[in-house]
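Since the structure comes first, as structure tokens, the remarks are kept for the end.
For reference, positions follow the sequence shown, starting with 1.
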Amino acid sequence: MTDPQPSAAEPQYKDRTFRSSGGIAGGVLLLALGGWLGIDAIIRGEGRTPWLALAGLLLAVPLVVAFTVRPAVYANDDRLRIRNPFRTITLPWASVSGLRSGYSNEVFTQSGTKYQLWAIPVSLRGRKKVARRKSQGAAAGDPSVATAHHPGHPDSLRAAGDQIMDDLRDLSEQRAGALSAQGEPVVRWGYEIIAPAVAGAVLLAVVLAVA
């Protein structure tokens with residue numbers, strides 16, 4: 001009886017994590033401001049004000065977290081895991097048919113289902129900046145500009161989000177045939193976000209109706 005070889009089933013390296021630092025910063029700022037105003041209204045408010053503030057916090061806090069702090073993309077040798085505002089999607093590389101960058105970054109499964117990568121936003125400003133650098137380099141006769149038009153080249157000029165998508169495409173192509181990267185997509189709803197938001201909405205409706 002031979003010993004099992006876990007290395008054949010385990011990722012060769014830990015998850016690479018991609019998140020939007022701007023989104024997180026904005027979310028933390030909104031949470032701090034909303035928490036300060038909401039808690040103050042709960043403590044010092046009169047009449048129905050504390051209940052309105054409590055309902056507002058229950059509704060708003062999960063939504064702010066969902067769209068700013070929560071989104072993340074995790075990638076390793078075996079699969080791509082996408083944590084979007086209300087769902088977490090796990091895609092073994094064999095189930096991925098392609099990744100596309102347009103006005104948003106998206107991944108497609110073999111069945112044609114599309115999922116947006118909320119944590120990797122598209123920066124049109126970044127693309128324009130790169131295009132301007134390419135134009136300036138070409139006008140100056142810089143020979144390295146020729147390589148800037150080939151994604152994946154170490155000297156290529158790419159916006160940050162586009163470069164991440166290039167890296168994910170390369171990883172998908174390299175690992176799609178691996179035994180450990182086989183499987184079907186798995187989708188899990190983020191009830192830890194949905195439940196308190198629904199509770200807040202219900203409480204808000206009740207408070208307004210009673211008043």
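Remark: R87 qualifies as a cation-pi partner of W189 under the 6.0 Å distance and 45° angle criteria applied to the six-membered ring.
The structure places CZ of R70 at 9.0 Å from CZ of F86, a figure rounded to the nearest 0.5 Å. Rounding to the nearest 0.5 angstrom, the gap separating the OH atom in Y74 from the CZ atom in R81 is 5.5 Å. Here the straight-line distance linking atom CD1 of I42 with atom CG of L37 works out to 11.0 Å at 0.5 Å rounding. In this structure, CZ on R16 lies 7.0 Å from CG on L168, to the nearest 0.5 angstrom. Atom OG in S101 sits 4.5 Å away from atom CZ in R169 (nearest 0.5 Å). Atom CH2 of W118 sits about 5.0 Å away from atom CZ of F67, to the nearest 0.5 Å.
No more than 12 heavy atoms of other residues, nucleotides or ligands lie within 6.0 Å of CD in E184, so this atom counts as exposed by the packing criterion. The number of heavy-atom neighbours closer than 6.0 Å to CZ of R188, taken from other residues, nucleotides and ligands shown, is above 12.
Across all non-hydrogen atoms, the minimal contact from L80 to A75 is CD1-CB, 4.0 Å. P71 and A66 get closest at one heavy-atom pair: CD-O, 3.2 Å. Between S172 and V96, the shortest heavy-atom contact is OG-CG1, 3.8 Å. For the pair A41 and A53, the tightest heavy-atom approach, listed with the atom from each and the gap, is CB-CB, 3.6 Å. When all heavy atoms of A181 and P92 are compared, the pair lying nearest together is O-CB, 3.2 Å. A94 approaches Q182 most closely through the heavy-atom pair CB-OE1, 3.3 Å.
With hydrogens and angles disregarded, no donor-acceptor distance shorter than 3.5 Å links the side chain of Q116 to the backbone of N84. A donor-acceptor contact shorter than 3.5 Å links the side chain of R19 to the backbone of V69. Remark: the backbone N or O of L203 is not paired with any side-chain donor or acceptor of W51 at under 3.5 angstrom. S95 contributes no side-chain N or O that, together with a main-chain N or O of T109, makes up a donor-acceptor pair within less than 3.5 Å. The backbone N or O of F108 sits less than 3.5 Å from a side-chain atom of S97, completing a donor-acceptor pair. Within the 3.5 Å criterion, the main-chain N or O of K14 finds no donor-acceptor partner in the side chain of N76.
L63 and W36 are members of different hydrophobic clusters when ILVMFWY side chains are connected at heavy-atom separations under 4.5 Å. Under the 4.5 Å side-chain contact rule for hydrophobic residues, I39 and L58 do not share a cluster. Following chains of ILVMFWY side-chain contacts shorter than 4.5 Å, one can reach V61 starting from V198, so the two form part of one hydrophobic cluster. Residues L33 and V28 are members of separate hydrophobic clusters, defined by side-chain heavy-atom contacts under 4.5 angstrom among Ile, Leu, Val, Met, Phe, Trp and Tyr. Hydrophobic clustering, with ILVMFWY side chains joined whenever heavy atoms are under 4.5 angstrom apart, groups L208 together with V206.
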task: Could you please spell out the steps behind the side chain to side chain contact (heavy atoms under 4.5 Å, CB included) verdict for D166 and Q163?
output: CA-CA 5 Å; D166 290 340; Q163 183 60 58; 4.1 Å; yes
message: Assess the residue pair L99 and L117 against the criterion (side chain to side chain contact (heavy atoms under 4.5 Å, CB included)); give the C-alpha distance rounded to whole Å, side-chain angles, the decisive distance to 0.1 Å, and a yes or no.
response: CA-CA 10 Å; L99 293 104; L117 305 181; 4.3 Å; yes
message: As a quick check of understanding, evaluate side chain to side chain contact (heavy atoms under 4.5 Å, CB included) for L204 and L59, giving each step before the final call.
response: CA-CA 8 Å; L204 182 60; L59 175 61; 4.3 Å; yes
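Between the side chains of D170 and Q174, not a single donor N or O lies within less than 3.5 Å of an accepting N or O.
Under a 4.0 Å N-O distance rule, the pair R79/D15 qualifies as a salt bridge.
Checking each of V187, V73, T113 against I89 for a side chain to side chain contact (heavy atoms under 4.5 Å, CB included) leaves exactly one that passes, namely V187.
Looking at S180 and R175, their side chains come closer than 4.5 Å, going by heavy atoms from C-beta outward. Residues V107 and Y115 have side chains in contact (heavy-atom distance under 4.5 Å, counting atoms from C-beta outward). In this structure the side chain of T68 never reaches within 4.5 angstrom of the side chain of L31, judged on heavy atoms.
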